[in-house]
Amino acid sequence: MLLVTLIWGSNFTVMKLGLAAMPPLAYTGLRFLLGCVLLWLVLKWREGRVALPPGLFWPMVVLGVLGNTVYQIAFTLALAMSTATNCALIISTMPAVVATLGHLTGIERTTAPMRWGIAIATGGVALVVAARGVAFDATTLRGDLLAITSTFVWAAYTLGLRKLPDTISPLAVTAHTTFTGTPGLLLAGLPGILSTDWAAVPPVAWGSMAYASTLSLGVAYLIWNASVVRVGSSRTAVYMCITPIIAALVAWAVLGEQLLPLQAVGAVLIVLGVLLTRR
């Protein structure tokens, strides 16, 4: 999961390089199409078969639409309609949402150290993000609501993984949810795909898409799904709190964005919170 935070934290900067040359939904649709091809090849190589066990087609459709189609569209449009700071602060509530929904639905039990750790880590994220200022107003309302939607959708996806039987591997889950979630993303991105002059897209943008397809989508999703199975939804989701730290460090190193003292305080709280949830 620490590797996932490194991949996803770096992905904010990497995607900015790609989105500067491609429409957001077109970029998302194409990177998922590439991810489908790669995951199909890996699944065929590792497990020798691509077909699902009986009775799992519709669960894969539901999880694929939730965790890929709906989440990615909501998140992409949220970034376009609101500020990155607002979106990051809203999505930082993910661990708390996963733990609360898991407890209310009976899918997963939470302990006192886990609840305290999630609260401390979420507060740390709030400091990291709020250090640059947060502005909720009428101009960002639609984007903020989409960010809230994406948070609950991803939480539902994460908890849904816990309901799958042990007969299907995390690799197969990652592949099939990507397969079922990609058609909707391609449909949403089709206008941008048709209107873009792809010959004019610079190499750095293609490199961005390669990273986002192989590492951010394939590798990170696979580890996330495997972690949910091994240690549970709440302990997996709390690592999301580390992502803003990585994002800030990478943006500082690559884009020259300034680091602030309050962010260091938030980083300490995040690390303490994550360590507490592991008790």
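All figures in this text were calculated on a predicted structure; none of them were measured in a lab. In what follows, every heavy atom counts, from backbone to side chain, and hydrogens, waters and symmetry copies are set aside.
Asn68 places none of its side-chain heavy atoms less than 4.5 Å from the side chain of Phe179. Ile223 is listed as a side-chain neighbour of Leu3, based on a closest heavy-atom distance under 4.5 Å. Proximity of Thr180 to Val65: side-chain heavy atoms (C-beta onward) are nowhere separated by under 4.5 Å. When side chains are defined from C-beta on, Trp206 counts as touching Val201, because their heavy atoms get closer than 4.5 Å. Two residues are said to be in side-chain contact when any heavy atoms from C-beta on lie closer than 4.5 Å; Val153 and Phe75 fail this criterion.
Residue Leu217 holds its CG atom at 7.5 Å from SG of Cys36, rounded to the nearest 0.5 Å. Between Thr105 atom OG1 and Lys163 atom NZ the span is 7.5 Å, to the nearest 0.5 Å. Between the CZ atom of Arg115 and the OG1 atom of Thr100 there is a distance of 10.0 Å, given to the nearest 0.5 Å. The distance from atom OG1 of Thr178 to atom CG of Leu39, rounded to the nearest 0.5 Å, is 5.0 Å. Atom CG of Leu185 is separated from atom CG of Leu190 by 12.5 Å, given to the nearest 0.5 angstrom. Note: Ser208 OG to Tyr27 OH = 2.5 Å, rounded to the nearest 0.5 Å.
In terms of hydrophobic clustering, with Ile, Leu, Val, Met, Phe, Trp and Tyr side chains grouped at heavy-atom distances under 4.5 Å, Met22 and Leu215 are assigned to different clusters. If you chain together hydrophobic residues whose side chains sit under 4.5 Å apart, Val98 and Leu101 fall into the same group.
In this structure, Ser227 contributes its side chain and Met1 its backbone to no donor-acceptor pair below 3.5 Å. With Arg31 contributing its side chain and Ala210 its backbone, the two residues share no donor-acceptor pair below 3.5 Å. Although no hydrogens or angles enter the test, the distance criterion places a donor-acceptor pair under 3.5 Å between the side chain of His176 and the main chain of Val50. Under the 3.5 Å distance criterion, the side-chain polar atoms of Trp8 are matched with a main-chain donor or acceptor of Ser216. In terms of modelled atom types and a separation under 3.5 Å, the side chain of Thr177 and the main chain of Thr174 share a donor-acceptor contact. At least one donor-acceptor pair under 3.5 Å links the side chain of Tyr211 to the backbone N or O of Ile7. Checked by atom type and distance alone, the side chain of Ser150 never pairs as donor or acceptor with a backbone atom of Ala74 at under 3.5 Å.
Residues Ala155 and Val97 approach most closely at CB-CG1, 3.7 Å, considering heavy atoms. The shortest heavy-atom contact between Gly232 and Arg162 is CA-NH1, 3.6 Å. In terms of heavy-atom proximity, Leu30 sits nearest to Met209 at CB-CE, 3.7 Å. Pairing each heavy atom of Leu164 with each of Leu56, the nearest pair is CD2-CD2, 4.5 Å. Scanning both residues, Thr151 and Met94, for their nearest heavy atoms gives O-SD, 3.5 Å. Annotation for Ser10 and Val250: closest pair OG-CG2, 3.5 Å, computed over non-hydrogen atoms.
Other residues, nucleotides and ligands contribute only 12 or fewer heavy atoms inside 6.0 Å of the CZ atom of Arg46.
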Could you please spell out the steps behind the side chain to side chain contact (heavy atoms under 4.5 Å, CB included) verdict for Thr76 and Leu25?
CA-CA 7 Å; Thr76 301; Leu25 292 182; 4.0 Å; yes
Output, in order, the C-alpha distance, side-chain angles, deciding distance and verdict of side chain to side chain contact (heavy atoms under 4.5 Å, CB included) for Thr214 and Val219.
CA-CA 6 Å; Thr214 56; Val219 175; 5.8 Å; no
Go through it in stages, so that I can follow the logic: the residues are Trp45 and Trp40, the test is ring-ring contact (aromatic ring centres under 6.0 Å, His included), and I'd like the CA-CA distance, side-chain angles, deciding distance and then a yes or no.
CA-CA 9 Å; Trp45 169 54; Trp40 188 92; over 10 Å; no
Show, in sequence, the C-alpha distance, side-chain angles and deciding distance for Asn225 and Tyr157, and conclude whether the side chain to side chain contact (heavy atoms under 4.5 Å, CB included) test is met.
CA-CA 10 Å; Asn225 294 344; Tyr157 166 78; 3.0 Å; yes
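In this structure, Tyr221 and Trp154 have perpendicular ring planes: the angle between them is above 60°, well past the 30° mark.
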